[in-house]
Amino acid sequence: MEGDGVLRIGELSKRTGVSPELLRAWERRYGLLQPLRSSGGLRLYSPADVERVGVMRGHLADGLAAAEAAALALRADVGAAPPPVALAPEAVRLELADALDRFDEPRAQALLDRVLAAVTVDTLLSEIVLPYLSELGDRWERGEASVAQEHFASSIIRGRLLGLARGWGQGLGPTAVLACLPGEQHDLGLIAFGLALRARGWRIVYLGADSPVETVEEISARHEPDLVVLSATSDDLVAPLLPELRALARRHRLALAGGAAANADLERAGVLALPDDPVAEADRVVALLQDAGGE
Amino acid sequence: MEGDGVLRIGELSKRTGVSPELLRAWERRYGLLQPLRSSGGLRLYSPADVERVGVMRGHLADGLAAAEAAALALRADVGAAPPPVALAPEAVRLELADALDRFDEPRAQALLDRVLAAVTVDTLLSEIVLPYLSELGDRWERGEASVAQEHFASSIIRGRLLGLARGWGQGLGPTAVLACLPGEQHDLGLIAFGLALRARGWRIVYLGADSPVETVEEISARHEPDLVVLSATSDDLVAPLLPELRALARRHRLALAGGAAANADLERAGVLALPDDPVAEADRVVALLQDAGGE
Amino acid sequence: MEGDGVLRIGELSKRTGVSPELLRAWERRYGLLQPLRSSGGLRLYSPADVERVGVMRGHLADGLAAAEAAALALRADVGAAPPPVALAPEAVRLELADALDRFDEPRAQALLDRVLAAVTVDTLLSEIVLPYLSELGDRWERGEASVAQEHFASSIIRGRLLGLARGWGQGLGPTAVLACLPGEQHDLGLIAFGLALRARGWRIVYLGADSPVETVEEISARHEPDLVVLSATSDDLVAPLLPELRALARRHRLALAGGAAANADLERAGVLALPDDPVAEADRVVALLQDAGGE
DNA sequence: ATAGGTTTTGTCAAGCTTTTGTACAT
DNA sequence: ATGTACAAAAGCTTGACAAAACCTAT
């Protein structure tokens, strides 16, 4: 036979019924074929290439356009084994962003349903929701997202996360009390942190946005939690409360999350700073308190 | 399951053999049918309505006068779906109050689960959740409930109601945009109102607490809702926004809910006041906009 | 997202018999399709879209107007039935049964999504999934359900429950090792039991159907669980293993769940019997081991 | 039942862009 | 062999229109 089946373009053309020009166009435009080259630069095709051109022609006959037909022909042998069932996080994030940008709640919800069926809460948070939120924040700062979009998106995501949170107060694990400082309305990060802790077996008592320190005090007194977490985006909310917070820190293991987490005064008073990604911080907290021993 | 409004009057006519004019007359005269309306004002009937018209025709064929026939047809399905309420609402309310007062999330959640299994959303709202919230407000004013309790309870109830709200943006009925005025953080009543409207076939676009008027404007421009509902507990939040709100009222049918609903200035500008219980007000809105027809 | 985007509008038109203009109008007016776009902006449709257009055309042929037909076609796969009238467990159970009987996975999944948004895992299990399963078993015994239906239904429910189970090995709470005895293929009850324990803060190590006792022994030796739960529907599976099970019971706190739970021999050896509803038994286990103290 | 006005929906057109097979010059 | 060009086919968006189906009110 033809050696081990090395074809030049004319022969490939004859066997497949596709003109050489077109074969080159398909190569250039869709990367359909990636022939070896002879020393003189001639294209050298393998029998697999004949096959692939055949698949391409089949899809064309089915009515598909060239670009799509080529994409499928390529996928046919690359992905033969691993059908990419896994949803690529970036793709999901983009689609989520698109749906929310257009104020299309049903689509956003359907998307989240699909994702949740495939993925842990941790992954949902750290790969999709949290990156999306920080991206949205950036776009908002650059003036590319409107207040309306930001508002709409967070209200839907809040609803969704609270749905996942149902029953997080139940169980036997260590307990955390979670609250936003007075004046702080951004609770999404805190909810995410609660969910991450919950996934690690903790019990959550959640007070929500804009919680008076007195409230936190009262609830903590009753629950004797293993950790009290307060969240604030700006140090301005923390400063006027320093005395109360120090007092609280004397009675309970206290942590500060969000943008204002790194507060030297409080760290000196033994308050744990949780400035980063809620999921990562949840891991850190679990590790720390595990070492510290229970009770 | 079956509750959707899906047939227009022509199709209902074809399926029942009753002329559209007559169907409208029966609706006007005897209230035989109470179809949803499309945003343009078209009547939308459910499969149950086909059934009911059939019953009516049966009675007519038996020689009954139209008025009696209609009365019987109406009675027939009122009795058909008698959801037996096993749980005494007050008892549930008390138990809910007790669980939440003690910061016992698991018990509260379990209780709500049990209630939901036995009762419609309407009943849950008007017999349990709303009375509980107003009672809690009263106790709080009298100093008998702490901020902590109020905070904890609303955060759990919010999560629960938002869970029920899932999918409320989808469907066919008229659309309502719901938002709290800037500065307003109490969103529970508004969510309840949204759920009540939803149970009446409406589609909800929910913006949540503390929404800039600009946001409401933008979203309303996109969705062209049949009604925009703003919520505020205090008139102080309304006063500074009067010009914007008047402008909004010129472009959309506008309503004001919550404690600040009765604002003479705005009522003069054609803004609907919804000061009362969300479920009752939802009924009123449905009735009003039905009469008003579209636009 | 939508599987693959593969068809351009002309081809979709040919396959569905709907003109491209009309397809675009349906997209614009009702959001019926949400095709991907090529980099140049061409619409790319998936095979699922062909299906959806078919559903739409079916509704049109039934006499529905386009807006309503589209809404129904959308609802078919997005799910979220429109008015959340009530979540009466029997109603949900019936609808679930109906969807599964017809092998309509999307509807079943959508229904489960909706219920999960409104209700705790505990309630989902004890009010819906478990009753449904036992009902299915009965019907099967009476020859009213086919093997195919039984198979289809349990595979979907298993998938769903395992989805909820994701991450259940994580955490700090007491640990349970769960396994079906050799020969036992019914694992749904055991999974439900695991979920119920998980909701109570336990950590789960799940071995699944048809697990050799030796495997259980080995894993238990490694994890030192607070409880080992074996499941079997028939006593015939238990009898030949009595010696091994007694040995296992000497090394670990052991329980037997499922139809074969009440085995006098084993109870004498200190094996806990868990014959009932998984959720109730989970409660019992938690109460028992709590009293028993740590260790 | 009729009259007069509105909504809904399929279709079409104009003006412009993308895609793709083929052709030509280097 | 490569790179560029080109023109036909297929798409895209916007806007408009008219027939059919509905609405209210008299």
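By convention in this document, chain letters (A, B, ...) are assigned in the order of the sequence lines, proteins followed by strands, and residues within each chain are numbered from 1. All values reported here derive from a predicted model rather than from experimental measurement.
Contacts of B/Arg8 with the nucleic acid, taken as non-hydrogen atoms under 4.0 Å apart, involve only primed sugar atoms and P, OP1 or OP2.
Distance, C/Leu23 CG to E/dT13 C1': 16 Å, rounded to whole Å. Nucleotide E/dA21 holds its P atom 15 Å from the CG atom of C/Leu64, rounded to whole Å. When rounded to the nearest whole Å, the span between CD of A/Glu68 and P of E/dA10 equals 14 Å. Going from atom CD of B/Glu27 over to atom C1' of E/dT24 covers 12 Å, rounded to whole Å. Atom NZ in C/Lys14 sits about 14 Å away from atom C1' in E/dG11, given to the nearest Å. Rounded to an integer number of Å, the gap from C/Arg24 CZ to D/dT9 P is 19 Å. C/Leu33 places its CG atom 12 Å from the P atom of E/dC12, with the value rounded to the nearest Å. What separates CG of C/Leu22 from C1' of E/dA19 is a distance of 15 Å, to the nearest Å.
Using a 4.0 Å cut-off, no side-chain N or O of A/Ser19 falls inside it from OP1 or OP2 of D/dG21. Contact annotation: B/Ser38 reaches the phosphate of D/dT8 (side-chain N/O to OP1 or OP2, under 4.0 Å).
Heavy-atom nearest nucleotides on DNA chain D were determined for A/Tyr30 and for B/Arg28, and the one closer to the 5' end corresponds to B/Arg28. Each of A/Leu42 and B/Pro20 was assigned the nucleotide of DNA chain E with the nearest heavy atom; the assignment lying further toward the 5' end belongs to A/Leu42. Mapped onto DNA chain D by nearest heavy atom, A/Trp26 and C/Arg29 fall at different nucleotides, with C/Arg29 at the one closer to the 5' end.
Within a 6.0 Å sphere centred on CD of B/Glu214, other residues, nucleotides and ligands contribute 12 heavy atoms or fewer.
Comparing E/dC12, D/dT8, D/dC12 by their nearest atom to the side chain of C/Arg37 picks out E/dC12. Among the nucleotides D/dT19, D/dT22, D/dT9, the one closest to any side-chain atom of A/Ala25 is D/dT22. Out of D/dT22, D/dT8, E/dT13, the shortest distance to the side chain of C/Arg43 is found at E/dT13. The side chain of B/Ile9 approaches E/dC22 more closely than any other nucleotide in the set D/dT9, E/dG11, E/dC22. When each of D/dT19, D/dT7, D/dT20 is scored by its nearest atom to the side-chain atoms of A/Ala66, the top-ranked nucleotide is D/dT20. Side-chain atoms of A/Ala67 lie closest to D/dT20 of the nucleotides D/dT20, D/dT11, D/dG21.
A distance of 9.5 Å separates CE of C/Met56 from CG of C/Leu64, quoted to the nearest 0.5 Å. Remark: C/Leu22 CG to C/Glu27 CD distance equals 12.0 Å, nearest 0.5 Å. How far CG of B/Leu7 is from CD of C/Glu68: 8.5 Å, rounded to the nearest 0.5 Å.
Between A/Phe152 and A/Phe103, the two ring planes are perpendicular [angle over 60°; tilted spans 30° to 60°].
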